[in-house]
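Atoms within a ligand are numbered from 1 in the order they appear, just like the ligands themselves. The analysis underlying the following values was restricted to heavy atoms, covering all of them including side chains, and did not include hydrogens, waters or symmetry mates.
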Amino acid sequence: MLVILRPHHLLCLPRFQGEGYSPAFVEHLKRLIDQLVQDGQCIIHFGMDQLCEGCPNNHQGRCVSEEKVQHFDRAVIRLLQLEERLYTCAEIGMLLQQHLTEEQFNGICSSCQWFQRGICGFVVPKKIYKRLF
Ligand code: SF4
């Protein structure tokens, strides 16, 4: 089955550096990325996704930061003009390259805890997956 992703995770996944909400979540995330690399395509869905399925912040199918993450999702949908459908990773890569500037990234992600803790940013030197999208 193809990986299902919510829009703002298109910004998070390529910047993964091995840290996450819990060790189990990190393992889940790695497996998901491996599958994504193998498939070369994913389904964009405007709601909880497969990453959320393994997250300790998922309380009965709802993110504890639902309002905040929906704000991220809406911003990424607008920026990349996303639809709920199947995308190839190459297509997503092209959209990110065309539309995501550092300024846009900072505008969308500045209220995220990983950004504020200095763990994530537009350019991440130690990211594990050099080319995901
Ligand atoms: S449940 Fe919330 S914090 Fe966890 S991966 Fe999903 S959107 Fe992110």
Side-chain angles (χ1 to χ4, degrees):
M1 200 175 87
L2 291 179
V3 175
I4 298 171
L5 291 176
R6 63 188 305 160
H8 83 268
H9 286 159
L10 299 182
L11 271 52
C12 311
L13 291 190
R15 294 176 173 79
F16 175 55
Q17 298 186 74
E19 295 193 55
Y21 298 113
S22 69
F25 176 77
V26 168
E27 286 314 306
H28 176 69
L29 179 45
K30 283 182 181 167
R31 278 196 300 275
L32 216 61
I33 294 179
D34 285 342
Q35 195 189 330
L36 192 55
V37 169
Q38 188 185 313
D39 294 343
Q41 50 189 8
C42 62
I43 294 169
I44 297 299
H45 166 64
F46 299 169
M48 297 292 272
D49 67 5
Q50 268 175 287
L51 186 52
C52 301
E53 276 175 20
C55 180
N57 296 327
N58 177 350
H59 287 192
Q60 296 174 337
R62 188 178 160 86
C63 179
V64 293
S65 307
E66 188 62 32
E67 240 172 74
K68 193 187 211 178
V69 297
Q70 277 194 19
H71 164 79
F72 296 150
D73 282 341
R74 280 195 297 271
V76 175
I77 291 167
R78 243 194 335 269
L79 180 71
L80 305 181
Q81 295 290 299
L82 293 174
E83 299 165 8
E84 287 190 292
R85 66 169 172 87
L86 185 146
Y87 283 83
T88 65
C89 292
E91 195 178 356
I92 289 170
M94 212 159 59
L95 288 173
L96 288 170
Q97 210 175 359
Q98 281 172 353
H99 301 290
L100 185 69
T101 62
E102 185 163 3
E103 196 183 3
Q104 295 277 8
F105 180 88
N106 293 345
I108 294 169
C109 301
S110 58
S111 60
C112 171
Q113 61 165 298
W114 300 100
F115 180 94
Q116 290 177 347
R117 287 165 60 190
I119 292 168
C120 190
F122 184 68
V123 177
V124 178
K126 287 183 188 160
K127 62 185 180 182
I128 294 179
Y129 293 85
K130 296 289 175 211
R131 272 197 66 80
L132 183 56
F133 299 123

For [X], counting its heavy atoms only, list the atoms of ligand 1 lying under 4.0 Å from any of them.
X: Arg6; value: 7 (S)
X: Tyr21; value: 3 (S)
X: Val69; value: 7 (S)
X: Cys63; value: 1 (S), 2 (Fe), 3 (S), 7 (S)

Quiz prompt | ILVMFWY network linking Val37 to Leu13, side-chain heavy atoms under 4.5 angstrom | solution =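 Same hydrophobic cluster.
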Self-check item: Joint cluster assignment, Leu11 & Ile119, ILVMFWY side-chain distance < 4.5 Å
Solution: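 As far as the 4.5 Å side-chain criterion goes, Ile119 and Leu11 are connected within one cluster.
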Quiz item: Could you state the interatomic distance from CD1 (Ile43) to CD (Glu84), rounded to the nearest 0.5 Å?
Solution: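 Rounded to the nearest 0.5 Å, the CD1-CD separation comes out at 10.5 Å.
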Self-check item: Between OG on residue Ser22 and CD on residue Glu27, distance to nearest 0.5 Å
Solution: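 CD of Glu27 is found 9.5 Å from OG of Ser22.
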Quiz item: Would you say Gln98 has more than 12 foreign heavy atoms packed within less than 6.0 Å of its CD?
Solution: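 Yes, enclosed.
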Quiz item: Among protein heavy atoms, which sits nearest to atom 6 (Fe) of ligand 1, and what does the distance come to when rounded to 0.1 Å?
Solution: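 Atom 6 (Fe) of ligand 1 sits closest to the protein heavy atom Cys52 SG, 2.4 Å.
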Quiz prompt | atom 3 (S) of ligand 1 [closest protein heavy-atom partner, distance rounded to 0.1 Å] | solution =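 Among all protein heavy atoms, the one nearest atom 3 (S) of ligand 1 is Asn57 ND2, 3.5 Å.
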Self-check item: Close approach of Glu66 to ligand 1, heavy atoms, under 4.0 angstrom
Solution: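 The answer is no, since Glu66 has no heavy atom less than 4.0 Å from ligand 1.
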Self-check item: Result of checking Trp114, Tyr129, Phe122 against Arg15 for side-chain contact (heavy atoms from CB on, under 4.5 Å)
Solution: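 Looking at Trp114, Tyr129, Phe122, the match for Arg15 under the side-chain contact (heavy atoms from CB on, under 4.5 Å) is Phe122.
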Quiz item: Is any side-chain heavy atom of Asn57 closer than 4.5 Å to a side-chain heavy atom of Ser65?
Solution: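 With C-beta onward as the side chain, the pair stays apart.
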Practice problem: Please work out which of Lys68, His9, Met48, Gln70 has its closest non-hydrogen atom nearest to atom 5 (S) of ligand 1. | Solution: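 Going through Lys68, His9, Met48, Gln70 one by one, His9 has the nearest heavy atom to atom 5 (S) of ligand 1.
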Quiz item: For atom 6 (Fe) of ligand 1, does an N/O/S atom of Cys55 lie at less than 2.8 Å?
Solution: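 No, since none of the N, O or S atoms of Cys55 sits under 2.8 Å from atom 6 (Fe) of ligand 1.
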